[in-house]
Number of protein chains: 2
Amino acid sequence: MHEVKNRLSIIPLGGVNEIGKNMYVIQYDDDIIIVDCGSKFPDESLLGIDLIVPDIAYLLENKEKVRGLVVTHGHEDHIGGIPYIIKQFNMPIYASRLTLGLIKGKLKEHRLLGTTALHQIDADSKVVLGSIPLSFFTTSHSIPDCLGIAFHTPQGTVVHTGDFKFDFTPVNDQFADIHKMAEIGKNGVLALLSESTNAERPGFTPSERLVGANILEAFINADGKIFISTFASNVHRLQQIFDAAEKTGRKVALAGRSMVNVVDVASTLGYLSIAANQLVELSEVNKYKNHEIVVLCTGSQGEPMAALGRIASGNHRQIGIAPGDTVIFASSPIPGNERNVARIVDNLFARKAKVIYGSATVTGMHVSGHASQEELKLMLTLMQPKYFIPIHGEYRMLHLHRILAESVGVNASNIFIVSNGDVVDFIGSEAMQERKVANGNTLVDGLGIGDVGNIVLRDRKVLSADGILIIVLTLGKSDNKIVSGPEVISRGFVFVKESEGLMEEIQRLTLDEIERLQEQYTKLNNHWGIYKQSIRDSIGKFLFAKTQRRPMILPIIIQV
Amino acid sequence: MHEVKNRLSIIPLGGVNEIGKNMYVIQYDDDIIIVDCGSKFPDESLLGIDLIVPDIAYLLENKEKVRGLVVTHGHEDHIGGIPYIIKQFNMPIYASRLTLGLIKGKLKEHRLLGTTALHQIDADSKVVLGSIPLSFFTTSHSIPDCLGIAFHTPQGTVVHTGDFKFDFTPVNDQFADIHKMAEIGKNGVLALLSESTNAERPGFTPSERLVGANILEAFINADGKIFISTFASNVHRLQQIFDAAEKTGRKVALAGRSMVNVVDVASTLGYLSIAANQLVELSEVNKYKNHEIVVLCTGSQGEPMAALGRIASGNHRQIGIAPGDTVIFASSPIPGNERNVARIVDNLFARKAKVIYGSATVTGMHVSGHASQEELKLMLTLMQPKYFIPIHGEYRMLHLHRILAESVGVNASNIFIVSNGDVVDFIGSEAMQERKVANGNTLVDGLGIGDVGNIVLRDRKVLSADGILIIVLTLGKSDNKIVSGPEVISRGFVFVKESEGLMEEIQRLTLDEIERLQEQYTKLNNHWGIYKQSIRDSIGKFLFAKTQRRPMILPIIIQV
């Protein structure tokens with residue numbers, strides 16, 4: 001195959017047709033730049049899996065071409081994969097101050113600090129990676145210090161928005177730099193990669209300040225202690241909670257490891273401003289009156305073991321709910337977490353707390369960090385790209401983002417809806433999507449990275465539904481006669497005490513089957529497989545007819 | 001213990017602190033009447049379980065006192081447990097015509113038709129069960145033929161609302177009989193049991209007719225085929241879909257077994273009126289033009305194997321989506337089903353369908369069948385009960401329903417928030433909650449009812465997370481020396497090809513452990529347990545340190 005020259009390629013390795021594990025490759029000939037390296041949590045079908053990170057086979061094959069990893073912001077779906085990837089191969093990392101602070105924390109936890117070069121950048125930085133100069137622009141989002149990236153490649157400028165919304169009244173002055181975006185757009189954008197998380201939502205996402213006003217109002221109306229829970233990484237919201245506490249004469253105590261960590265990092269780096277004596281230890285709370293206290297805690301998604309979950313169930317060592325206390329969920333449950341949140345509200349009501357929970361459009365205690373439809377159109381209008389690739393979203397979000405792009409004038413044939421691994425190539429004045437590179441989910445289970453695959457997961461699925469039935473049998477080497485067994489052992493199948501008859505029937509059936517096999521094959525020899533398969537088949541059929549269950553059946557034959 | 005006389009008892013056996021598996025006992029001395037016998041679906045923690053029905057130990061102990069089962073309406077959470085209970089003990093069943101039709105279908109499926117007496121009742125029926133006369137009143141809900149029940153006990157009248165809303169413009173004239181309710185209330189209600197499903201929702205639930213108007217508008221605006229999915233049991237909605245189809249000159253074809261069943265039962269019994277030639281076979285759809293067809297299908301909750309799921313993924317034998325077809329979700333996803341619905345919308349967009357989905361408050365394609373807060377207050381006001389027991393709901397719903405009851409004048413100390421099995425006794429002029437009867441979940445797994453308990457579920461949980469590791473070892477009877485093994489077999493733990501070294505280490509460790517044990521116990525004798533436990537401990541520790549996983553470890557020692 002001959003080498004194509006002057007080719008610009010855009011390749012998502014994670015983040016399209018899914019929410020999470022964002023990772024994008026911008027490649028010009030022999031220069032590869034990576035944008036973000038996220039993780040995502042497994043759904044319930046991935047039994048026992050802790051985390052998912054992108055498959056980086058393509059990068060491993062092209063190690064020597066990788067010039068660096070540029071990170072847009074510090075959320076897990078953009079930085080969570082870094083330690084797992086850095087273990088496999090090294091590359092310099094470029095990120096803004098807070099983002100870098102959070103990345104350092106991760107690397108430290110995995111004992112990887114010092115193994116790779118870390119470069120701090122800001123919106124004014126100029127970085128050249130290989131043949132590609134990069135510039136940056138500030139965006140508004142639910143964490144400080146977010147950057148969009150412009151790649152000024154010889155083929156034209158590629159813009160990656162990162163996550164964004166347009167908040168015209170942001171907390172901590174994190175204004176989206178609309179003038180710089182306009183300038184980039186005016187100078188010509190070949191291709192725009194823009195996030196699609198909220199492409200299903202009409203209108204304009206409200207400002208974070210709205211939440212601050214509602215929090216203050218709730219604080220003013222509260223009598224007892226106040227417990228308030230939100231995403232620890234939402235530093236702007238934390239700021240507004242500290243501000244409301246100060247205005248209402250309350251001290252703030254922190255509950256939950258990630259809350260303590262983020263408040264520590266964010267206040268040290270100057271992203272969070274806390275008045276003197278405002279912060280108190282959780283263990284000191286009892287020294288104050290109830291109306292002098294706010295407990296800022298983790299667990300807003302209903303995680304039973306997070307601070308709020310333990311407080312609600314009365315299992316927190318240091319702090320508890322008293323009747324009349326107010327609990328505020330400054331969050332919206334992520335789909336799939338509703339039931340866990342509901343369990344916690346049940347527990348809080350049982351302790352006679354007042355609880356502000358439910359739809360954020362009713363409570364006003366949460367706004368999204370992502371652009372709604374009108375904001376997505378604003379970004380498309382600012383950038384006026386020739387080509388458009390919607391990213392960060394499941395298929396229906398990418399699809400709806402495409403329709404938005406068409407509505408503001410992007411040529412329908414210049415929009416690419418891609419899957420992870422799809423390559424969009426720009427050669428000369430043409431763009432095409434014809435190639436695909438290796439891609440997929442790398443599963444993290446405990447300390448294992450990628451050692452759990454489809455077969456293991458299929459087995460876990462079978463085991464989880466109906467358990468396992470083990471049949472152990474010893475045969476004599478010389479005469480192939482039964483020396484011991486069949487012994488039948490089950491786990492996760494039926495309650496054995498109530499099923500003794502069933503186990504005896506299985507033994508009897510196995511003996512029948514063995515007798516039949518012994519007649520057919522007088523020696524075991526290399527017929528192990530046939531023996532095992534026959535036992536599996538006949539016991540499997542019997543059990544399904546009898547119980548309508550399909551446990552894993554594992555015959556073990558030992559020759560002595 | 002001496003026998004208490006003239007005692008009225010109200011006992012929930014299912015349906016409080018949960019949604020589903022409704023079953024309530026009204027007992028006066030030696031007369032027991034049961035209200036409803038529902039099922040519910042397991043959450044993801046009950047691995048492999050198909051269905052949950054109430055534990056009826058209390059009824060089995062008091063078999064001879066049970067006078068009958070009265071059923072309020074035909075939803076699964078009110079009738080789904082009947083076949084499983086009827087298998088265990090028999091009792092006459094009283095229900096309205098449609099409800100009885102649906103119960104008959106269930107009994108037939110389980111080959112139980114004819115094993116119990118079925119009595120058809122309506123809102124005007126007078127039934128006396130033991131010492132208790134019963135009367136009934138019509139309620140509005142998302143299925144026809146719903147009844148509330150008044151038990152005119154010697155201690156006073158107990159009212160059970162069943163499920164209800166107040167729909168002043170109902171489809172098929174199923175008006176809530178507000179006059180009869182007022183009369184019952186005027187004559188004095190000792191205790192009200194009222195449903196709490198929507199106690200979290202402010203306001204008044206909109207009329208079902210609203211959905212009809214929106215469906216008609218969508219049908220008028222559609223170009224290609226229309227696919228519309230809703231709960232099969234919502235006969236009123238089906239009627240409105242048939243009406244809209246007729247008005248827009250479209251034939252209706254049915255997809256999905258339960259849709260075919262319900263349309264069959266409901267039209268045969270006269271609850272659904274379908275114009276001549278309006279219904280066509282699914283296999284005939286291709287004979288018509290696209291704009292002449294509505295496909296009414298199951299799968300509105302995103303079930304991948306239901307009709308809409310298979311149509312969306314292109315796996316339906318008879319029918320497919322063409323670009324420009326319209327798909328309508330006339331439903332709201334039940335919490336926990338959002339992801340499955342999203343997957344189907346993804347697939348539909350990939351086939352270039354127009355899809356109406358998402359929040360019902362935006363699409364207008366669904367209304368609840370349950371009373372919101374103002375309706376709950378209306379019911380409380382009509383009945384003006386002395387005592388109040390909120391039912392049908394998780395704790396927070398019961399709690400909020402209590403607050404509503406207090407707001408309309410029910411004495412706070414006369415409100416009982418109970419758990420399943422709690423008994424509220426009425427003796428003389430006093431009410432008290434001091435006793436508890438057996439209660440719980442009976443788990444149905446395949447053909448087994450109640451044979452899967454906590455140990456089996458705990459094992460399934462362990463197996464699902466990290467799989468199983470089996471270590472087989474044969475020891476000589478005479479000398480206790482190793483004859484064969486240790487053989488190490490794993491399932492659902494790690495991909496063995498990538499972990500050969502690990503398996504070898506496990507073998508080596510087991511050999512070390514056995515050697516140590518052999519020194520300590522020169523004969524195996526009755527030390528099996530010690531041998532097994534030692535292997536489990538040392539291998540378990542090793543594996544956790546090495547992999548941070550905790551597979552089930554199952555040592556099997558055979559003596560030959």
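The chains referred to below are lettered A, B, ... by the order of the sequence lines, with proteins before strands, and numbering in each begins at 1.
No hydrogens or angles considered: a donor-acceptor pair under 3.5 Å links the side chains of B:S368 and B:N198. Side-chain atoms of B:S464 and A:S464 include no donor-acceptor pair closer than 3.5 Å.
Proximity to chain B is limited to the side chain of A:E338, based on heavy atoms less than 4.5 angstrom apart. Using a 4.5 Å cut-off between heavy atoms, A:L554 touches chain B through its side chain atoms alone. A:F544 does not touch chain B: none of its heavy atoms, backbone or side chain, sits under 4.5 Å away. Only the side chain of A:T474 comes within less than 4.5 Å of a heavy atom of chain B; its backbone N, CA, C and O stay farther away. Only the backbone of A:K546 comes within contact range of chain B, judged by heavy atoms closer than 4.5 Å. For a residue to count as touching a neighbouring chain, one of its non-hydrogen atoms must lie under 4.5 Å from one of that chain's; by this rule A:R491 touches chain B with backbone and side chain alike. Heavy atoms of B:I489 lying under 4.5 Å from chain A belong exclusively to its side chain.
Highest contact tally toward chain A, considering only B:V472, B:V483, B:L46, B:N17, is held by B:V472 [criterion: heavy-atom pairs under 4.5 Å]. Among the candidates B:R343, B:R396, B:M397, B:M552, the residue making the largest number of heavy-atom pairs closer than 4.5 Å to chain A is B:R396. Interface remark: of the candidates B:L47, B:V560, B:D346, B:D346 forms the most heavy-atom pairs closer than 4.5 Å to chain A. Contact count versus chain B (heavy atoms, under 4.5 Å) is highest, among A:I49, A:N337, A:V355, A:L400, for A:L400. If you tally non-hydrogen atom pairs under 4.5 Å between each of A:D466, A:V362, A:N347 and chain B, the highest count goes to A:D466.
Between the CG atom of A:D422 and the CZ atom of A:F416 there is a distance of 10.5 Å, given to the nearest 0.5 Å.
In this structure, the side chain of A:Q507 engages the main chain of A:P486 through a donor-acceptor pair within 3.5 Å.
Using cut-offs of 30° and 60° for the angle between ring planes, the B:F349 and B:Y357 rings count as perpendicular.
Salt-bridge annotation for B:D445 and B:R460: present, with a side-chain N of the basic residue lying under 4.0 Å from a carboxylate O of the acidic one. Salt bridge absent: A:R339 and B:D43 never bring a charged side-chain N and a carboxylate O closer than 4.0 Å.
Applying the 6.0 Å contact sphere to CZ of A:F41 captures no more than 12 heavy atoms from other residues, nucleotides or ligands.
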